[in-house]
Number of protein chains: 2
Amino acid sequence: MDDISPIRAKSGTNQEGTSAHNRRVMIEALRLNGALSRADLARATQLTKQAVSNIIEDLESDGLVVALDAVRKGRGQPSTPYRLVPEGAFAIGLHIDRHLTRAVAVDLMGSVLARAEANLPFDEPSKGVEIILELIAGVRRDLAGISVQSEKRLVGLGVAMPGPFGLKDSDDKWMMPAWQKFPLLEALAKGTGLNVGLQNDAAACATAERIVGAAHGVDHAVCLYVGYGIGAGLILNGELYSGGHGNAGEIGMALLAPAGPGSTPLEHRASLASLYQHLDLNPADSDIYEQMNALVQAEDAKMMAWIDGAAHDLRWSVHLIETIFDPQTVILTSGAPEALARRLVEAMHPLLPSIADRPARMLPRLQLGTTDPWSIALGAAAAPISRAFDPLFSAILKTRSAPA
Amino acid sequence: MDDISPIRAKSGTNQEGTSAHNRRVMIEALRLNGALSRADLARATQLTKQAVSNIIEDLESDGLVVALDAVRKGRGQPSTPYRLVPEGAFAIGLHIDRHLTRAVAVDLMGSVLARAEANLPFDEPSKGVEIILELIAGVRRDLAGISVQSEKRLVGLGVAMPGPFGLKDSDDKWMMPAWQKFPLLEALAKGTGLNVGLQNDAAACATAERIVGAAHGVDHAVCLYVGYGIGAGLILNGELYSGGHGNAGEIGMALLAPAGPGSTPLEHRASLASLYQHLDLNPADSDIYEQMNALVQAEDAKMMAWIDGAAHDLRWSVHLIETIFDPQTVILTSGAPEALARRLVEAMHPLLPSIADRPARMLPRLQLGTTDPWSIALGAAAAPISRAFDPLFSAILKTRSAPA
DNA sequence: CTAATTAAGTCAAGCGAATTGACTTAATGC
DNA sequence: GCATTAAGTCAATTCGCTTGACTTAATTAG
């Protein structure tokens, strides 16, 4: 009756694992390269033409890929390129923020097919969950109107919300204490009947940049997300890294100096929360976005001062990230209006000299990512799709079957 | 003749990959658990008894595992445990530091079987390489005296030296400018005929902790190495992370504050180099180790002051690491005498409150790792063994065969 | 002391997915 | 019009894991 074996070991694999991996590799190759012929795929994946042919045939009959018109390109038989079918899979993404929640439905390619948003009561998760379930149901209905097969092809629900998760009880107003304690995932799984996964908002942002943005196909990238708080989404070795307890990248609590008066959490200086405070804005205002935009356009003195201050600390953050992670690029994204984010990035230049100042860079040290407020929900939705279709180590291994 | 295909894709796999993975999983399981029967292995790896039997038979005939006496444990046929054979594989590890180089020969279990050290000319890599090749040759001879099969079973040469690597030309005295430019790996590969791999000293230290130290079997750990410089070795998801260009964890260049007088690289405050400077010691002295030890034992005022200062900044570093990586534990290791390292860890307490203050911790937030000066060479030697025997994603994939 | 039970491990046939090598198809280039 | 080149298929093979029955050897119950 000892329920957990004390033996520690990785799981082995078999032909199912092989086959699953190869399918995923095909799908990823088509996602990254657009459309490829079987011969192209065989060369790219190191598999034989025959193996590729079999897999593609499978994927085609599963409705995940489709053949395009044959193309002639020099000698030899014309090749038939295949591309992914967007309607091959769908996922729901949910972004929960302090005062607002957004839900989207996306397809296999990461296109947003339906979206909806609603206000959230900051301190009443049980009421909030009802609102959220309603929101998700609405998005699912819209999706069903677009594709008849949507329900059958729905791979899961991805949730993104501000971290960190699983700490000691905390009443820090910067976090969402009531939500941290609520059994959210269970409630959502029960209410939707879907597989539910959770990540923090910065991680979702990084995932979004990875599928449709500046990090597309980049294996080592860090995505700084300046939202109500500030966090970093980590793409390491081509996969999202979430740490030992799902809290990796929660850089907002990093201290700006070892001690003394300058020893402030980054979040208190470079986040929209600090901006709201600095400018005496109310984050619950529905036109908060327009207010910020107007202040930036008008080059309001207090706004400019905040930008300079935040840029100062962000410049340091980028240096730190480069020093610690050695990424190919750093991407700054934000829930703020694009004009503000752009100003911020401009104010961060020139960047501090760092290890990233290398002779032959392919990508800029710092890029402006998307400022679309829906991108976090998009990234959240991408997580279940990635789990289902990307070539992951874990996808090769045999899964522990439930005991009798 | 386009030498590089523009198509980006991961490699596929086949039964060879499956089999290679399963072999590696068995070896890892035996390494982590000591000795296991076939039935144990089958349960732990999810493979069938039969599959395990075949693999174990293979491993046994390859001389990598050996059967122990059968043990009776309750009803049923007694089980026959198997354990790894240390002499199943060997590797050479090389630690290159500013003034000193060390070489070790280790076996599959990470035991050091031979060791040798020599002084290095700081600015003459070409002469240095001769010394190193001599050193390695000596260690190999010693190893051959212990095991006849050693040469046949030598899987590679792992090199550890201070990073960062591949930067713009730099004359920073803290680094090793002459060595950075020298084609070291090529020279060593040519001179030894072995596969050569390179990592920075902190990464090697983390690897050493992983196989024989505090990080044994831990999947998320950061190893702070206080040597001549300071660096962090990152164990993420059970594997060493080296970043986009092999420089991840080079935390020594992290700035202690965004700007102003406190904006100093960590390395200038918390590293043995800073200690030497503070105490006016000469790092090239052969009894430097004893000198430091004596000062600590005598509770020398300047030494204590340095410890307090360094501990202050290291406390901040640990907080930063916890915030960014969310590891299960942080391990402090050092090239300094154990008494000094122990004092340093004591002076770092109490740690700053952080995200790592969670209710149910399995491991301490901060642990003292090894201070054995040979551990970096050991970690360097572990790298080729890990590449050859650990279950890695990359080991499953088909390898791109060289074109005709 | 014997029989039932439990668990380790083997045997032999089966299966699934990639491989192999010959073959077909359909273009271009000379 | 023929040789060449490349995409893609066909059919047989291979290889490693799985399956299910079987053997071996211990403990426990009666």
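Computed from a prediction, not measured in an experiment: that's the story for all the values here. Chain A is the first sequence line, chain B the second, and so forth, proteins listed ahead of strands; every chain is numbered from 1.
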Integer-rounded Å distance: C:dT20 C1' and A:Asn54 CG:
13 Å

Does a nitrogen or oxygen in the side chain of A:Thr48 sit under 4.0 Å from OP1 or OP2 of C:dT19?
yes

Given the rule in the side-chain contact (heavy atoms from CB on, under 4.5 Å) test, do A:Phe389 and A:Leu64 qualify, once you have shown the distances and angles that lead to the verdict?
CA-CA 10 Å; A:Phe389 296 107; A:Leu64 288 170; 4.0 Å; yes

Contact boundaries on DNA chain D for chain B, cut-off under 4.0 Å to non-hydrogen atoms:
D:dC15 to D:dT28

Is the closest side-chain heavy-atom distance between B:His21 and A:Leu397 below 4.5 Å?
yes

To the nearest angstrom, how far is A:His21 atom NE2 from C:dA18 atom P?
11 Å

Within residues 58-76 of chain B, find the residues that approach DNA chain D with a heavy atom at under 4.0 Å, and present them sorted by residue number.
B:Arg72, B:Gly74, B:Arg75, B:Gly76

Between C:dC11 atom P and B:Lys49 atom NZ, what is the distance in whole Å?
13 Å

Quick one, B:Gln328 and B:Asp219 - any side-chain contact, counting heavy atoms below 4.5 Å?
yes

Contact check, side chains of A:Met26 and A:Val65, non-hydrogen atoms, under 4.5 Å:
no

Tell me whether B:Asp62 is salt-bridged to B:Arg23, with the criterion being a basic N under 4.0 Å from an acidic carboxylate O.
yes

From CD of B:Gln50 over to P of C:dC11, roughly how many Å is that when rounded to an integer?
8 Å

Nearest-Å distance for atom pair CD1/P, residues A:Ile55 and C:dG16:
16 Å

Just to verify, which of B:Arg24, B:Arg210, B:Arg31 counts as forming a salt bridge (charged side-chain N to carboxylate O under 4.0 Å, His left out) with B:Asp390?
B:Arg31

Upstream residue (5' side of DNA chain C) when B:Thr13 and B:Ser37 are each assigned their closest nucleotide
B:Ser37

Quick one about B:Asp40 and B:Ser37 (side-chain donor to acceptor, distance below 3.5 Å, no hydrogens or angles considered), yes or no?
yes

Using whole Å, report how far CD of A:Gln15 lies from C1' of C:dG16.
4 Å

Calculate the interatomic distance between A:Gln46 atom CD and C:dA17 atom P; express it in whole Å.
21 Å

Mind listing the closest non-hydrogen atom pair of A:Leu68 and A:Ala35 along with its distance?
CD1-CB, 3.9 Å

Indicate yes or no: at least one non-hydrogen side-chain atom of A:His220 is less than 4.5 angstrom from one of A:Asp326.
no

Euclidean distance, atom CD of residue A:Gln77 to atom P of C:dG29 [Å, nearest integer]
17 Å

Mind checking if A:Asn22 touches a base, just sugar-phosphate, or nothing, with heavy atoms under 4.0 Å?
sugar-phosphate

